[in-house]
Student: 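Encoded as structure tokens, here's the structure I'll be asking about.
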Amino acid sequence: MVLVAPSLLAADFGNLFEQIALVEKAGADWLHFDIMDGHFVPNLSYGADFVRQMRPQSKLFFDVHLMVEEPLNFLPMFENCGADQITVHYEASSDLSAVVKWLKARGIKVGVSLKPQTNVDVLAPYLDHIDNILIMTVEPGFGGQKFMDDMLPKINAARKLIGNRGITLEVDGGINVQTAALCVNAGAYVLVAGSAIFKAENPAQIIQQLQRSGE
Ligand code: DX5
Ligand code: ZN
């Protein structure tokens, strides 16, 4: 079994509490929040208060994906918002060590994400300090894009780089039942999926199928 993180970006915003209850009841593992600044990525979504307001609605692990330029400037807004993990972009952070330090001091798990063009080797110096690697399998910014097959060797390279460390390997973008199997075979352990889950006729069934990817 692998972990599944429904991305709320594809949920029906008019019925968010029901949508969260639906995926939680279906056995989803994490809940994925996409935070966008209209600068690092050409789109806007929601901010720290959104995460904070969802917190009482769910016991799920809150997986916050920050697609913002210089995350260190935004982190104070996310203090006590209920995030269990915050993943920042390598490309957006001029001082990744400071980000790691800020999150660790608050007991929040540390994730680092890579855009498609960024090589996994850039993470080598940080491996003893991070909890999660997020490989983008689309250009970040929008849900509903097509999975980039050429990211599969990169997932495999990340798996090798992690070795026997307890770092989770997450993939995000264009994940559905078909592409999930490819990712899991390449070494992924956490699958983010937005459209494939929330636009499905039976989201619960898709979550359970995704959890069995690669079996
Ligand atoms: C894209 C976001 C994703 C997005 C995935 O920038 O990071 O989490 O919501 O959406 P789907 O699964 O529809 O590609
Ligand atoms: Zn995301």
Side-chain angles (χ1 to χ4, degrees), residues 2-13 16 19-20 22-23 26 28-48 50-51 54 60-69 71 74 78 83-93 109-118 131-152 154-155 158 168-184 188-201 203 205-207 209-211 213:
V2 294
L3 306 188
V4 172
S7 164
L8 276 185
L9 197 61
D12 173 3
F13 289 176
L16 274 172
Q19 298 262 277
I20 292 173
L22 174 81
V23 297
D29 301 280
W30 293 1
L31 194 61
H32 187 83
F33 292 83
D34 289 298
I35 313 292
M36 305 183 186
D37 67 350
H39 184 59
F40 179 68
V41 291
N43 196 7
L44 296 164
S45 57
Y46 26 71
F50 179 85
V51 180
M54 296 306 130
L60 288 172
F61 181 92
F62 274 21
D63 175 36
V64 174
H65 178 193
L66 279 192
M67 284 163 276
V68 304
E69 196 67 44
F74 290 83
F78 286 83
D84 294 290
Q85 170 166 277
I86 296 184
T87 295
V88 301
H89 268 269
Y90 175 81
E91 305 85 359
S93 319
K109 285 192 188 298
V110 183
V112 182
S113 182
L114 302 179
K115 288 170 79 171
Q117 300 315 317
T118 308
D131 302 290
N132 185 51
I133 294 177
L134 172 54
I135 304 287
M136 289 307 301
T137 45
V138 297
E139 286 298 337
F142 299 90
Q145 302 183 78
K146 191 180 173 301
F147 177 81
M148 297 167 69
D149 286 298
D150 51 342
M151 290 300 109
L152 291 168
K154 183 169 162 181
I155 296 166
T168 48
L169 180 54
E170 184 177 27
V171 290
D172 184 6
I175 302 297
N176 56 37
V177 171
Q178 286 74 37
T179 58
L182 304 174
C183 291
V184 172
Y189 179 61
V190 186
L191 305 168
V192 176
S195 323
I197 291 173
F198 288 106
K199 310 290 186 211
E201 214 164 287
Q205 192 185 25
I206 300 293
I207 289 170
Q209 266 179 285
L210 288 171
Q211 285 170 328
S213 298

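One is the number of the first residue; the rest follow in order along the sequence. We count ligands from 1, going down the list as the structure has it; atoms in each ligand are counted the same way.
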Student: For atom 1 (C) of ligand 1, what's the nearest protein heavy atom and its distance?
Tutor: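 Looking only at protein heavy atoms, the one closest to atom 1 (C) of ligand 1 is Phe142 O, 3.6 Å.
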Student: Looking only at protein heavy atoms, identify the closest one to atom 10 (O) of ligand 1 and say how far it is in Å.
Tutor: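 Minimum-distance protein heavy atom for atom 10 (O) of ligand 1 reads Gly143 CA, 3.5 Å.
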Student: Pairing donors with acceptors under 3.5 angstrom, does anything connect the side chains of Gln19 and Asp12?
Tutor: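 There is no such pair (donor and acceptor under 3.5 Å, judged by atom type) between the side chains of Gln19 and Asp12.
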Student: Is a side-chain donor or acceptor of Asp84 paired with a backbone partner of Phe62 at a separation under 3.5 angstrom?
Tutor: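 Answer holds: yes.
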Student: Which of the numbered atoms in ligand 1 are below 4.0 angstrom from a heavy atom of Met136?
Tutor: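 Listed by number with element: 7 (O).
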Student: Within the structure provided, determine whether Phe74 and Ile35 are in side-chain contact (heavy-atom separation under 4.5 Å).
Tutor: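 Phe74 does not reach Ile35 side chain to side chain.
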Student: Out of Pro140, Gly194, Ala5, whose heavy atom is nearest to atom 12 (O) of ligand 1?
Tutor: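 Of the listed residues, Gly194 has the closest heavy atom.
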Student: Please state which protein non-hydrogen atom is closest to atom 14 (O) of ligand 1 and give its distance, to 0.1 Å?
Tutor: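 Checking every protein heavy atom, the shortest distance to atom 14 (O) of ligand 1 gives Gly174 N, 2.8 Å.
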Student: Take every heavy atom of Ala10, measure it against each atom of ligand 1, and state whether any distance is under 4.0 Å.
Tutor: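 Judged by the 4.0 Å heavy-atom criterion, Ala10 does not count as contacting ligand 1.
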Student: Going by heavy atoms, is Asp172 under 4.0 Å from ligand 1?
Tutor: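 Under 4.0 Å: yes for Asp172.
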Student: Is the closest N or O pair between Val192 and ligand 1 shorter than 3.5 Å?
Tutor: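 By distance alone, the answer is no.
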Student: Run Gln209 and Ile207 through side chain to side chain contact (heavy atoms under 4.5 Å, CB included) and show every step you take.
Tutor: CA-CA 5 Å; Gln209 266 179 285; Ile207 289 170; over 6 Å; no
Student: Sequence neighbours excluded and cut-off under 3.5 Å, please list the side-chain donor-acceptor pairs for residues 189-201, or say none.
Tutor:
| residue | atom | partner | partner atom | Å |
| --- | --- | --- | --- | --- |
| Ser195 | OG | Gly144 | N | 3.4 |
| Lys199 | NZ | Ala10 | O | 3.1 |

Student: Which value, rounded to the nearest 0.5 Å, describes the distance between Gln211 atom CD and Leu3 atom CG?
Tutor: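 Here the interatomic distance stands at 8.0 Å.
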Student: List the closest protein heavy-atom neighbour of atom 9 (O) of ligand 1: residue, atom name, distance to the nearest 0.1 Å.
Tutor: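 In this structure, atom 9 (O) of ligand 1 has Ser7 OG, 2.9 Å as its nearest protein heavy atom.
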Student: With heavy-atom distances below 4.0 Å as the criterion, list the atoms of ligand 1 near Leu9.
Tutor: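 The list of qualifying atoms is 9 (O).
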Student: Measuring from atom NE2 of His89 to atom CG of Leu114, what distance do you get when rounded to the nearest 0.5 angstrom?
Tutor: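 Between His89 NE2 and Leu114 CG, I get 8.0 Å after rounding to 0.5 Å.
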Student: Classify the side-chain pair His32/Asp34 by whether it contains a donor and acceptor separated by less than 3.5 Å.
Tutor: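 Their side chains do contain a donor-acceptor pair, which is all the 3.5 Å distance test asks for.
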Student: Kindly determine whether Thr137 and Thr179 satisfy side chain to side chain contact (heavy atoms under 4.5 Å, CB included), including the steps that lead there.
Tutor: CA-CA 10 Å; Thr137 45; Thr179 58; over 6 Å; no
Student: Taking 4.0 angstrom as the limit and counting only heavy atoms of Ala193, give me the atoms of ligand 1 inside it, by number and element.
Tutor: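 The atoms of ligand 1 under 4.0 Å from a heavy atom of Ala193 are 12 (O).
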Student: Return the closest protein heavy atom for atom 2 (C) of ligand 1 as residue, atom name and distance.
Tutor: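 Here the nearest protein heavy atom works out to Asp34 OD1, 3.3 Å.
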Student: Could you tell me which atoms of ligand 1, counted from 1 in the order shown, lie closer than 4.0 angstrom to a heavy atom of His65?
Tutor: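 Those of ligand 1 that fall under 4.0 Å from His65 are 7 (O).
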Student: Are Gln85 and Glu170 close enough, and set up right, to give a side chain to side chain contact (heavy atoms under 4.5 Å, CB included), and what steps lead you there?
Tutor: CA-CA 12 Å; Gln85 170 166 277; Glu170 184 177 27; 4.3 Å; yes
Student: Is Gly173 close to ligand 1, meaning an N/O of one under 3.5 Å from an N/O of the other?
Tutor: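 Min N/O separation from ligand 1 is not below 3.5 Å for Gly173.
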Student: I need the atoms of ligand 1 closer than 4.0 Å to a non-hydrogen atom of His32, numbered in the order shown.
Tutor: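 So the atoms of ligand 1 that pass are 8 (O).
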Student: Indicate yes or no: at least one non-hydrogen side-chain atom of Phe147 is less than 4.5 angstrom from one of Gln178.
Tutor: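 They are not in contact (no side-chain heavy atoms under 4.5 Å apart), so the answer is no.
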Student: Measure the shortest side-chain to side-chain distance between Leu169 and Val171 over non-hydrogen atoms and say whether it is less than 4.5 angstrom.
Tutor: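 No; the side chains remain at least 4.5 Å from each other.
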Student: Considering heavy atoms of the protein only, find what lies nearest to atom 11 (P) of ligand 1 and give residue, atom and distance to 0.1 Å.
Tutor: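 Minimum-distance protein heavy atom for atom 11 (P) of ligand 1 reads Gly144 N, 3.6 Å.
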Student: Determine the interplanar angle of the Phe13 and Phe50 rings, folded into 0 to 90°, and report it as parallel if under 30°, tilted if 30 to 60°, perpendicular if over 60°.
Tutor: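 It falls in the tilted class, 30° to 60°.
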Student: Does some side-chain heavy atom of Gln117 sit less than 4.5 Å from a side-chain heavy atom of Glu139?
Tutor: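 In short, these two side chains touch, coming nearer than 4.5 Å.
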Student: Which atoms of the protein, restricted to N, O or S, are nearer than 2.8 Å to the Zn ion (ligand 2)?
Tutor: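 Less than 2.8 Å away from the Zn ion (ligand 2) sit His32 NE2, Asp34 OD1, His65 ND1, Asp172 OD2.
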Student: For ligand 1 and Met67, I'd like to know whether there is a polar contact (N/O to N/O, distance under 3.5 Å).
Tutor: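 Checking ligand 1 against Met67, no N or O pair falls under 3.5 Å apart.
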Student: Please confirm whether the backbone N or O of Thr118 pairs with a side-chain atom of Glu91, one donor and one acceptor, at under 3.5 Å?
Tutor: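 Judged by distance alone, no pair lies under 3.5 Å.
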Student: Pick one of side chain, backbone, both or neither for how Ser195 approaches ligand 1, counting any non-hydrogen atom pair under 4.0 Å.
Tutor: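 Both backbone and side chain.
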Student: May I ask you to list the atoms of ligand 1 that are less than 4.0 angstrom from any heavy atom of Gly141?
Tutor: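 Heavy-atom distances to Gly141 below 4.0 Å select 1 (C), 6 (O).
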